[in-house]
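Quick notes on the structure that follows.
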2 protein chains.
Amino acid sequence: MSDESKVIRASGFRWQGVPVTAYKEPDELFRDVTRQTLVGEGQGEGALHFLTRYFEIQPGGWSTLERHEHPHTVIVLRGRGTVTLENRPHDIGAYDAVYVAPGAAHQFRATGAEPLGFLCIVDRVRDRPVPVSE
Amino acid sequence: MSDESKVIRASGFRWQGVPVTAYKEPDELFRDVTRQTLVGEGQGEGALHFLTRYFEIQPGGWSTLERHEHPHTVIVLRGRGTVTLENRPHDIGAYDAVYVAPGAAHQFRATGAEPLGFLCIVDRVRDRPVPVSE
């Protein structure tokens with residue numbers, strides 16, 4: 001019963017039963033970011049080797065400039081922004097995909113009037129991010 | 001050079017450099033489905049343990065009713081449809097998430113006027129799907 005298939009319903013970029021949490025413990029390296037793990041940390045989802053998280057950055061906010069050995073797959077769902085990949089900024093918008101290679105420094109910023117929302121998929125078992133000095 | 005971070009740009013539910021292929025080899029078990037692997041099968045993406053694919057089912061079409069041991073994470077991006085999970089249909093629409101548990105029979109159908117488009121994330125190394133008799 002605990003590992004059944006299911007639909008997790010969306011409404012206004014919130015998902016049924018999925019808590020909205022702070023991006024990380026508060027510090028000075030990021031601003032106005034929330035995270036929700038849509039699939040992978042819920043009851044009965046332990047068979048998945050990867051987690052599908054939804055991040056939202058409010059207008060003007062940014063994620064930590066960081067690197068880690070596990071790669072990321074990102075799919076933008078809403079808003080406009082930039083992703084910096086090894087010192088090079090790229091404009092991104094809805095449905096653009098981003099591949100963050102192992103060890104690459106990366107940072108997301110919301111540059112438009114609405115939040116920048118994106119899926120970020122990672123291995124369940126992974127190394128910890130390390131902030132990069134700017 | 002071959003494992004660099006990158007942005008894969010979207011335009012009208014097609015992605016730069018990503019081929020659109022038939023869902024599977026043609027047979028009678030599905031109708032009007034295409035697949036695109038957005039991230040995971042491109043050059044330099046071999047470090048990823050999972051593939052992020054975009055499936056699109058044209059209005060009135062359906063995917064194979066099948067089961068396999070690897071779980072699926074699905075995020076709907078556009079359109080309306082139903083997903084059948086172990087004989088039970090569920091309506092789905094944009095941003096709804098679906099977890100398909102190991103061994104669960106499942107099938108997607110596009111029921112609206114526009115295509116049903118969804119991301120489907122799977123392990124790179126996985127067992128083959130087995131069609132289920134209706």
Side-chain angles (χ1 to χ4, degrees), chain A residues 2-16 18 38-40 42 44-52 54 69-78 83-86 88 90-106 117 119 121-126, chain B residues 2-16 18 38-40 42 44-52 54 69-78 83-86 88 90-106 117 119 121-126:
Chain A
S2 64
D3 195 14
E4 290 194 343
S5 302
K6 58 188 163 184
V7 175
I8 300 146
R9 294 209 179 279
S11 177
F13 294 97
R14 295 293 180 263
W15 284 262
Q16 200 170 39
V18 172
L38 304 191
V39 191
E45 297 166 17
L48 285 166
H49 296 129
F50 49 83
L51 308 180
T52 301
Y54 175 72
E69 282 307 305
H70 62 274
H72 273 178
T73 292
V74 167
I75 310 286
V76 179
L77 294 189
R78 66 182 300 210
V83 57
T84 299
L85 298 170
E86 291 292 12
R88 190 167 155 220
H90 306 261
D91 288 332
I92 50 175
Y95 308 119
D96 286 339
V98 180
Y99 172 62
V100 180
H106 57 284
L119 300 173
I121 308 148
V122 291
D123 288 334
R124 181 186 295 279
V125 178
R126 61 194 185 279
Chain B
S2 64
D3 195 13
E4 290 194 342
S5 302
K6 58 189 163 184
V7 174
I8 301 146
R9 294 210 179 278
S11 176
F13 294 96
R14 294 294 180 264
W15 284 262
Q16 200 170 39
V18 172
L38 305 191
V39 191
E45 298 166 17
L48 285 165
H49 297 128
F50 49 83
L51 309 180
T52 301
Y54 174 72
E69 282 308 306
H70 62 275
H72 273 177
T73 292
V74 167
I75 310 287
V76 179
L77 295 189
R78 65 182 301 208
V83 58
T84 299
L85 298 170
E86 291 292 12
R88 191 168 154 220
H90 306 261
D91 289 332
I92 50 175
Y95 308 119
D96 286 337
V98 181
Y99 172 62
V100 180
H106 57 283
L119 300 174
I121 308 147
V122 291
D123 289 333
R124 181 187 294 279
V125 178
R126 60 194 186 280

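The chains referred to below are lettered A, B, ... by the order of the sequence lines, with proteins before strands, and numbering in each begins at 1. Side-chain atoms are counted along with the backbone in the values below, which use heavy atoms only and exclude waters and symmetry mates.
Options B/Gly42, B/Ala10, B/Ala97 differ in how many heavy-atom pairs under 4.5 Å they form with chain A, and the most are formed by B/Ala97. By number of non-hydrogen pairs under 4.5 angstrom with chain A, the leading residue of B/Ala104, B/Gly40, B/Ala101 is B/Ala101. Note: A/Pro102 leads A/Ser11, A/Gly103, A/Pro102 in heavy-atom pairs under 4.5 Å with chain B. Comparing A/Leu38, A/Leu77, A/Val74 by heavy-atom pairs within less than 4.5 Å of chain B, the highest count is held by A/Leu77. Put simply, of A/Val76, A/Asp123, A/Val98, the one with the most heavy-atom pairs under 4.5 Å next to chain B is A/Asp123. Ranked by non-hydrogen atom pairs under 4.5 Å with chain B, the options A/Leu119, A/Thr52, A/Ile92 are led by A/Thr52. Contacts with chain A were tallied for B/Val83, B/Leu48, B/Val18; B/Leu48 has the most, counting heavy-atom pairs under 4.5 Å.
Checked against a 6.0 Å centroid threshold, the rings of A/His49 and B/His49 do not count as neighbours.
Under the 4.0 Å criterion applied to side-chain N and carboxylate O atoms, A/Glu69 and A/Arg126 are not assigned as salt-bridge partners.
For B/Val7, the parts lying under 4.5 angstrom from a heavy atom of chain A are both the backbone and the side chain. Proximity to chain B (any heavy atom under 4.5 Å) is restricted, for A/Val122, to the backbone atoms N, CA, C and O. Both the backbone and the side chain of A/Val100 come within contact range of chain B, with heavy atoms under 4.5 Å apart. With a 4.5 Å cut-off on non-hydrogen atoms, B/Tyr54 does not touch chain A at all.
Note that CD of B/Gln16 is 9.0 Å distant from CG of A/Asp96, once rounded to the nearest 0.5 Å. To the nearest 0.5 Å, the span separating OG on A/Ser5 from CD on B/Glu86 amounts to 6.5 Å.
For the pair B/Arg88 and B/His90, the minimum side-chain heavy-atom distance is below 4.5 Å. A/Ile121 is not listed as a side-chain neighbour of A/His72, based on a closest heavy-atom distance of 4.5 Å or more.
Under the 6.0 Å distance and 45° angle rule, B/Arg124 does not count as a cation-pi partner of B/Phe50.
Closest approach of B/Glu4 and A/Tyr99 over heavy atoms only: O-CD2, 3.7 Å.
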